[in-house]
Amino acid sequence: MKIAMFTDAYFPRINGVSVSVRSYATEVSKLGHEVWVVCPEYTEEQQKSALFDEKSNDGESPFKVMRIPSTRIIFSREDRMGRIDMWHRIKREMDLFRPDVIHVNSEWTVGYFGEMYAHHRKIACVFTFHTMWEDYLENYVPILPAHSLRKIGRSVVRFFLKRADVIVAPTKRIENVARNYGVQNTVHVIPTGIPDGAPFSFQRSIQVSSRLFKKYPHLKGKRILLFVGRIVKEKNLPFLFDVLEIVIKKLPKTALLFVGGGPFLEELSQIASSRGLSQYVAFPGYMKSEDLIYFYKLASVFVFPSKTETQGLVTLEAMVASLPVVAIGELGTVDVMQGDHGGFMVKDDVNEFSEKVLQLLNDQNLRKRKSKEAAEWGGKWRISALTPLLLSCYEEAIKSKIPAEAAEAGYDEFENEFNAELGLESSNGI
């Protein structure tokens with residue numbers, strides 16, 4: 001098959017969507033399919049400041065990455081928006097590639113191009129519902145009322161859901177959300193999955209350890225509570241300061257480590273300082289994926305307070321590394337943990353959360369049992385086992401469309417309709 005994955009987020013932008021796209025593009029390519037990833041360009045500053053896995057470098061990818069010239073997004077300094085005037089370039093390249101299926105992974109301009117190309121060319125379209133925009137938008141556009149933003153978020157996602165031939169939801173709960181939006185299309189639940197990575201080398205461990213403790217000497221000798229992920233408001237991160245205050249009253253030699261970066265990082269650091277927790281907290285920022293295993297091995301407990309997570313990838317990564325988890329049981333976390341597998345899934349209650357953390361820190365036998373359980377449970381989400389499910393979604397979508405030869409007649413009509421919709425002049429058949 002020829003597969004074009006359209007996404008508004010890709011490396012060096014680090015989030016669940018970019019990880020999902022690269023992971024599946026890599027696995028699908030390994031199975032002999034031809035894959036193109038269509039995504040925005042990022043600024044040189046973003047590429048230099050983001051510490052991401054060198055394997056995400058376009059030149060080393062087993063698939064082609066097509067970068068679209070982009071513009072900044074006013075409400076998100078991390079993200080970019082593909083330029084509308086790049087439509088003719090995208091159409092020309094896609095016509096040459098002639099994909100069998102379009103896989104849309106986001107709801108901004110690049111995702112819109114992918115959906116519209118598939119719709120008018122009558123090509124199979126698969127849409128992955130990654131992001132709960134009705135929950136996220138108020139963190140990015142605070143000037144509008146929350147109820148208005150939720151309505152906008154639902155409307156945007158519903159547009160893509162209703163136009164897709166097949167829908168992929170990373171969790172059962174996201175499938176239910178799609179159903180609540182009134183969508184009747186086929187929905188398949190397929191988690192992103194965890195790459196089958198190589199073990200962390202001893203020498204690499206020494207290098208990362210040396211850098212970490214040189215920069216944060218106050219971490220030495222303390223048991224580590226670890227959070228990994230984007231540092232953004234919607235992750236509910238100040239909740240962990242409430243937990244930390246309870247824990248250090250009983251176990252003073254405990255520290256909280258935030259691995260990741262994002263627009264809320266500076267404010268979160270200031271909150272820690274204002275609460276007198278600076279000597280118990282560290283913010284090492286983004287880490288290369290090859291280095292993350294060190295932090296999972298260093299920590300005693302993985303703590304995850306997010307209530308808006310759709311996938312729970314980092315929770316799975318922690319489990320695969322045998323790190324027990326304490327997490328608030330909402331959305332993606334419920335589907336990943338399905339109870340107390342690999343740790344404890346708790347309510348949105350700081351006392352219950354803290355109690356479970358203390359149990360794992362105080363009871364080494366319990367922690368060993370949960371560590372073993374975490375490794376076994378997390379192993380069920382290996383991406384090599386999930387990729388065939390995605391390929392079956394592509395095949396199902398392709399079967400639902402008319403033969404490619406019949407679609408040829410609609411090419412000129414498509415060009416005129418799309419130009420009119422975007423307010424662009426005719427490309428004269430280019």
Side-chain angles (χ1 to χ4, degrees), residues 19 23 170-172 189-202 204-206 208-209 212 219 221-229 240 243-244 247 250-251 253-259 287 289-306 309 311-347 352-386:
V19 171
S23 298
T171 67
K172 182 67 177 177
V189 178
I190 307 176
T192 289
I194 302 299
D196 302 326
F200 194 59
S201 70
F202 179 73
R204 189 77 179 168
S205 176
I206 293 176
V208 177
S209 174
L212 179 68
L219 294 180
K222 292 180 179 176
R223 283 176 285 189
I224 303 296
L225 308 182
L226 175 67
F227 170 85
V228 174
L240 294 178
V243 172
L244 181 62
V247 171
K250 297 186 177 181
L251 295 173
K253 290 188 175 182
T254 305
L256 176 59
L257 189 59
F258 291 91
V259 174
M287 289 292 148
S289 60
E290 64 193 56
D291 291 345
L292 274 179
I293 187 64
Y294 168 76
F295 292 91
Y296 290 131
K297 294 297 185 182
L298 170 71
S300 297
V301 181
F302 186 78
V303 287
F304 199 67
S306 177
E309 204 73 12
Q311 300 189 66
L313 286 178
V314 288
T315 302
L316 287 172
E317 287 180 355
M319 287 184 174
V320 170
S322 303
L323 180 61
V325 174
V326 178
I328 293 177
E330 296 196 21
L331 282 182
T333 297
V334 175
D335 294 273
V336 166
M337 296 189 71
Q338 297 179 24
D340 290 339
H341 294 107
F344 295 104
M345 191 176 72
V346 301
K347 296 188 292 292
E352 182 183 2
F353 198 110
S354 304
E355 177 188 350
K356 296 304 181 184
V357 169
L358 285 166
Q359 284 183 20
L360 288 168
L361 293 177
N362 285 320
D363 188 337
Q364 292 304 305
N365 289 329
L366 172 65
R367 186 178 179 281
K368 286 180 181 179
R369 290 199 305 274
K370 285 295 182 182
S371 294
K372 181 180 178 181
E373 183 179 278
E376 293 173 351
W377 186 257
K380 297 180 180 180
W381 273 267
R382 293 288 186 183
I383 197 166
S384 56
L386 296 169

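Numbers for residues simply follow the sequence, beginning at 1.
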Could you check Leu256 against Val243 for side-chain contact (heavy atoms from CB on, under 4.5 Å), going step by step and ending with a plain yes or no? CA-CA 10 Å; Leu256 176 59; Val243 172; over 6 Å; no
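- Pairing each heavy atom of Val228 with each of Phe302, the nearest pair is N-CE1, 3.6 Å.
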Run the numbers on Leu257 and Leu219 for side-chain contact (heavy atoms from CB on, under 4.5 Å), then give the verdict. CA-CA 9 Å; Leu257 189 59; Leu219 294 180; 4.0 Å; yes
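- Every residue two or more places apart in sequence or in another chain that forms a side chain to side chain donor-acceptor pair (under 3.5 Å) with Glu373 is listed here: Lys370.
- Nearest heavy-atom pair, Val314 versus Phe304, reported as atom, atom and distance to 0.1 Å: CG2-CE1, 3.6 Å.
- Under the rule for a ring-ring contact (aromatic ring centres under 6.0 Å, His included), the partners of Trp377 that lie at least two apart in sequence or sit in another chain are His341, Trp381.
- Closest approach of Ala255 and Lys222 over heavy atoms only: CB-CD, 3.9 Å.
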Using side-chain contact (heavy atoms from CB on, under 4.5 Å), reason through Leu212 and Leu298 one step at a time and then give a plain yes or no. CA-CA 11 Å; Leu212 179 68; Leu298 170 71; 3.6 Å; yes
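- Considering all non-hydrogen atoms of both residues, Gly339 and Met345 come closest at O-CB, 3.3 Å.
- A pairwise comparison of heavy atoms in Pro324 and Ser300 identifies CG-O, 3.6 Å as the closest pair.
- Annotation: side chain of Ile224 is not in contact with side chain of Phe295 (no heavy-atom distance under 4.5 Å).
- Applying the side chain to side chain donor-acceptor pair (under 3.5 Å) rule to Lys172 yields the partners Glu175; only residues at least two apart in sequence or on another chain are considered.
- The ring-ring contact (aromatic ring centres under 6.0 Å, His included) analysis of residues 315-338, with sequence neighbours excluded, yields no pairs.
- Minimum heavy-atom separation, Ser23 to Ile383: CB-CD1, 3.3 Å.
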Could you check Val320 against Lys380 for side-chain contact (heavy atoms from CB on, under 4.5 Å), going step by step and ending with a plain yes or no? CA-CA 9 Å; Val320 170; Lys380 297 180 180 180; over 6 Å; no
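- Pairs engaging residues 313-327 under the side-chain hydrogen bond (donor to acceptor under 3.5 Å, both in side chains) rule: Tyr296-Glu317 [sequence neighbours left out].
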Enumerate donor-acceptor pairs with a distance under 3.5 Å from any side-chain N or O in residues 356-363 to protein atoms, sequence neighbours excluded.
residue, atom, partner, partner atom, Å
Gln359, NE2, Glu355, OE2, 3.4
Asn362, ND2, Leu358, O, 3.1
Asp363, OD1, Asn365, N, 3.1
Asp363, OD1, Leu366, N, 3.0

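- Going from atom OG1 of Thr171 over to atom CD of Gln338 covers 10.5 Å, rounded to the nearest 0.5 Å.
- The side-chain heavy atoms of Thr333 and Ser306, taken from C-beta on, include no pair separated by under 4.5 Å.
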